[in-house]
Amino acid sequence: MDGVSAGRAPSESGTEPVLILGGGLIGLAVAHQLARRGEQVRVLSRRRSEAAGFVAAGMLAPHAEGLSGPLLQLGQASLARIPAWVEQIETDSGLSCGLRACGIVVPFATAQQRDAYPTAVFGTPLTRAGLEFEIPGIGPRWQAGLLFPQDGQIDNRRQLMRALERACVERGVAFEEGAEVLELIRHQGEALEAVRIRRAQGDDATISCRRAVLACGAWSARLLHELPVVPVKGQMLSLQGPRNALKRVLFGPGTYLVPREDGLLVVGATSEPDAAFSKGLTPFGQQQLQAGIEALLPEAASWPPMERWWGFRPGTPDEAPLLGAGPIPGLWLATGHYRNGVLLAAITAELIAALIVYVSLSGRGPITHGLDDRDRELLEAFRWDRFSAGACAASLPS
Ligand code: GLY
């Protein structure tokens, strides 16, 4: 099976909506792009408040995260699309997404460490004086840095998620909250035919569907066991600082500080693959964040805490997403975005929506729009079955 040929034509699926399994950021972003392309869309979500889109800090950081290979290419391609994507959401919703082209600074203890960073070539090298200029009050440990002016942030928790929900509603997307997808039902063991759900009220239902997008994030392997997706817990907190006390994101090792327009400082994040789906904050995790704040920006350690929360990143063996055709004909994958879901939402939504429409229309004659060769290559690099059996079982680095 190649990466783009596993779908169904609309002649087979009639006017049945495309089902989106998962109402997090990725699910909503795909739903929105499909609706903009004229598809009927229905989003099924168990509990949207658990979605990583409400948990993440909203960094747009392919360079600051030190990505490499195809994941860096995907991240850079998404970063380039984000302004136009945000404009679409803002136009459809009438709400701001809180995009800030603020740049990100990565600090290092030595210039050697700075120069060895995987994405150093994309950044502006900073000395200690340069660091103090960019980040007044930065801790004394840091002697060198990289400024990535092209990276930034978006206020995912307070603005983007709401704007995207509203944009979907305005574009006619239907929502069913409190609907847990229990099973993917195949026609004679082959193509997707229906999904079985359990509603919050306790009743089960079967929904006929020949096209669906699995966007269940950290919970993906619960629905489809062969997907190599595991939860990687992250704990976070926020502080209220003075407005403009920090103008750029400060991305340290193990802790990062993301300043919102109004002075709220979002602080992330622990990385706890061994925690599995264990809920709640831990003293160790919160102490780790506090120590990170003290090391990065000592004055912020006394700013008042506003909120503390946790969530689950969808981790994969190579830390990159699973995109495109899934193991069941008619099922598409948009999951496994690990640390970069907010960054990758734009390109994921565009590629997956274009792919579904392309495959659906391809039964009807020549296609004049959709996926170009570069998009196909990108999708090919993120096939779900790219891992050997041994690699699938490998655990994520902490
Ligand atoms: N994107 C940063 C994190 O997942 O913690």
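Quantities reported herein were computed from a predicted structural model and do not represent experimental measurements. Whatever order the structure lists ligands and atoms in, that order sets their numbers, starting from 1.
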Aromatic ring pairing F312/F277, orientation class (parallel under 30°, perpendicular over 60°, tilted between): perpendicular
Other cluster members, L95 - Ile/Leu/Val/Met/Phe/Trp/Tyr, side-chain contacts below 4.5 Å: none
Side-chain donor-acceptor pair present, Q88, Q33, cut-off under 3.5 Å: yes
Pairing residues for S78 by the side-chain hydrogen bond (donor to acceptor under 3.5 Å, both in side chains) criterion, not counting sequence neighbours: none
R308 side chain to Q286 side chain, donor-acceptor N/O pair below 3.5 angstrom: yes
For ligand 1, list all ligand N or O to protein N or O distances below 3.5 Å, rounded to 0.1 Å.
from     : atom 1 : to   : atom 2 : distance (Å)
ligand 1 : 1 (N)  : E65  : OE2    : 3.1
ligand 1 : 1 (N)  : R339 : O      : 2.6
ligand 1 : 4 (O)  : R313 : NE     : 2.7
ligand 1 : 5 (O)  : Y256 : OH     : 2.6
ligand 1 : 5 (O)  : R313 : NE     : 3.4
ligand 1 : 5 (O)  : R313 : NH2    : 2.7

Under the salt bridge (Lys or Arg N to Asp or Glu O under 4.0 Å) test, residues paired with D151 that sit two or more places apart: none
